[in-house]
**Q** 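Below you will find the structure I want to go over with you.
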Amino acid sequence: MDKQKKSILRKLKLGMALAAVLAAAVLVKPTTALAFNVTPIEMVEMYTTSGTPVYATPDVFSPVVVYIDRFTNVRVYGITDNGFYQVDLNGTFYIPGPFMVSQIQPEKTEKQKALEDLEDFAEAYRMQLEFMESYSSTFALVDVTGDGIPELFDAEGKEIYTYYDKRPVMIYYSENPVKFYYSKKENKLLGKYTWNKKDIWEVYYKDTSLLPWGQFKCVGTATSPTKDAPVVTRDYTNNAETRADLYNILKNKLSL
């Protein structure tokens with residue numbers, strides 16, 4: 001190989017090596033904070049979210065000193081121009097802004113979740129009522145489990161439907177027509193049916209041992225209900241007009 005070719009190859013290799021170094025330099029994140037200017041603020045108390053990382057410097061590419069559990073009270077006395085809170089944890093440390101909240105937000109109830117997703121919620125019940133139309137001309141919409149979500153009773157009391165994970169679920173079935181009562185004082189669902197010309201009273205609890213969303217399970221006999229256990233009346237007509245208005249019916253119930 002002559003000198004000219006060797007020179008060209010040498011230059012090519014040097015060029016490729018230089019390109020590789022430049023590419024690596026672009027891909028490697030900086031190890032120092034991109035911004036370190038801190039604006040002092042009056043000492044306030046804030047709360048961490050789940051798995052909050054704590055840094056020695058305001059830089060997400062620097063090592064994490066420790067992770068803090070959710071709802072830990074932290075004293076904040078500064079904020080950096082790249083969005084970190086300067087905190088006092090027996091020393092000065094930094095926490096990214098998105099991991100801090102000014103107050104603890106309580107977990108949303110099932111009722112609140114249903115209100116936020118009311119269109120799907122109403123459609124689930126509408127679909128179930130269409131299935132029931134051939135044998136149930138009336139129905140009840142009552143919260144008998146105390147979770148804020150109304151259950152759906154058919155005309156004879158054979159089946160109860162409720163709303164879990166964006167779908168209606170049958171959570172009780174009996175061949176004997178059952179008339180349901182609910183005791184708010186005892187938080188118990190009572191059922192009555194007739195057998196050999198005698199009224200049989202039973203008490204039901206929600207059971208999640210077999211189904212993750214729960215079903216009602218008879219746990220024993222009961223006495224007749226007192227004044228605080230009124231019968232669940234079926235005061236809605238299962239027709240197209242009522243089903244079309246389910247959104248407003250549910251909104252009214254969930255907003256009480």
Side-chain angles (χ1 to χ4, degrees), residues 20-122 124 143 145-151 162-169 171 184 187 205-215 250-251 253-256:
V21 170
L22 289 173
V26 170
L27 293 173
V28 173
K29 300 295 183 182
T31 56
T32 58
L34 296 175
F36 201 83
N37 295 322
V38 179
T39 301
I41 60 176
E42 185 176 348
M43 182 78 74
V44 295
E45 292 187 344
M46 298 185 71
Y47 300 89
T48 58
T49 58
S50 299
T52 297
V54 178
Y55 296 88
T57 63
D59 182 2
V60 293
F61 300 112
S62 63
V64 175
V65 176
V66 69
Y67 286 95
I68 301 181
D69 292 335
R70 187 182 186 192
F71 297 155
T72 300
N73 185 282
V74 176
R75 290 177 298 176
V76 178
Y77 61 94
I79 184 169
T80 69
D81 52 9
N82 62 337
F84 279 75
Y85 285 111
Q86 189 178 53
V87 301
D88 178 15
L89 295 171
N90 294 323
T92 299
F93 296 93
Y94 300 87
I95 296 176
F99 287 92
M100 299 284 281
V101 292
S102 59
Q103 59 183 358
I104 298 176
Q105 297 293 332
E107 186 176 353
K108 291 179 181 178
T109 64
E110 294 301 316
K111 180 177 178 179
Q112 289 171 326
K113 294 176 184 176
L115 272 171
E116 291 178 357
D117 201 19
L118 194 53
E119 286 284 359
D120 291 340
F121 184 69
D143 175 23
T145 60
D147 60 358
I149 304 297
E151 278 72 44
T162 193
Y163 182 83
Y164 289 95
D165 295 334
K166 297 187 179 181
R167 67 185 188 282
V169 178
I171 53 182
K184 290 185 177 180
N187 192 28
Y205 287 129
K206 185 186 288 188
D207 174 32
T208 57
S209 60
L210 297 177
L211 299 174
W213 52 82
Q215 62 182 348
L250 288 168
K251 184 177 181 181
K253 282 187 167 294
L254 293 171
S255 298
L256 291 178

**Q** Applying side chain to side chain contact (heavy atoms under 4.5 Å, CB included), name anything that partners Glu116, two or more places apart in sequence or on another chain.
**A** Lys108

**Q** Please round to the nearest 0.5 Å and tell me the distance separating atom CZ of Phe71 and atom OG1 of Thr49.
**A** 9.0 Å

**Q** Only counting residues at least two apart or in another chain, list the ones meeting side chain to side chain contact (heavy atoms under 4.5 Å, CB included) with Phe121.
**A** Ala114, Leu118, Tyr125, Ile149, Pro150, Tyr163, Leu250, Leu254

**Q** Between Met100 and Thr48, is there a side-chain heavy-atom distance shorter than 4.5 Å?
**A** yes

**Q** With a 3.5 Å cut-off and no angle check, do the side chains of Thr80 and Asn82 form a donor-acceptor pair?
**A** yes

**Q** Would you indicate whether the side-chain heavy atoms of Val38 and Ile79 approach each other to under 4.5 Å?
**A** no

**Q** Measuring only between side-chain heavy atoms, which start at C-beta, is Thr39 closer than 4.5 Å to Asp81?
**A** no

**Q** Can you pull the salt bridge (charged side-chain N to carboxylate O under 4.0 Å, His left out) pairs that have at least one residue in residues 84-95, sequence neighbours excluded?
**A** Arg75-Asp88

**Q** Once side chain to side chain contact (heavy atoms under 4.5 Å, CB included) is applied, do any residues pair with Asn90, and if so which ones, sequence neighbours excluded?
**A** none

**Q** Find out whether Tyr55 and Phe93 are in side-chain contact, i.e. whether some heavy atom of one side chain is under 4.5 Å from a heavy atom of the other.
**A** no

**Q** For Pro96 and Pro53, which heavy atoms make the closest approach, and how far apart are they?
**A** CD-O, 3.7 Å

**Q** Using only heavy-atom distances, determine whether the side chains of Thr92 and Tyr77 contain a donor-acceptor pair under 3.5 Å.
**A** yes

**Q** For residues Thr57 and Phe84, determine if any side-chain heavy atom of one lies less than 4.5 Å from a side-chain heavy atom of the other.
**A** no

**Q** Compare every heavy atom of Val87 with every heavy atom of Val76, then report the nearest pair and how far apart it is.
**A** CG2-CG1, 3.9 Å

**Q** Could you tell me the separation between the NZ atom of Lys113 and the CG atom of Asp117, rounded to the nearest 0.5 Å?
**A** 11.0 Å

**Q** Could you work out, with side chain to side chain contact (heavy atoms under 4.5 Å, CB included) as the rule, every residue matching Glu119, not counting sequence neighbours?
**A** Tyr247

**Q** Below 4.5 Å, heavy atoms only, C-beta onward: do Asn73 and Glu45 meet side chain to side chain?
**A** yes

**Q** Does anything in residues 63-72 form a side chain to side chain donor-acceptor pair (under 3.5 Å)? List the pairs, not counting sequence neighbours.
**A** none

**Q** My understanding is that only residues two or more places apart in sequence, or in another chain, count here; which of them pass side chain to side chain donor-acceptor pair (under 3.5 Å) with Tyr94?
**A** Gln86

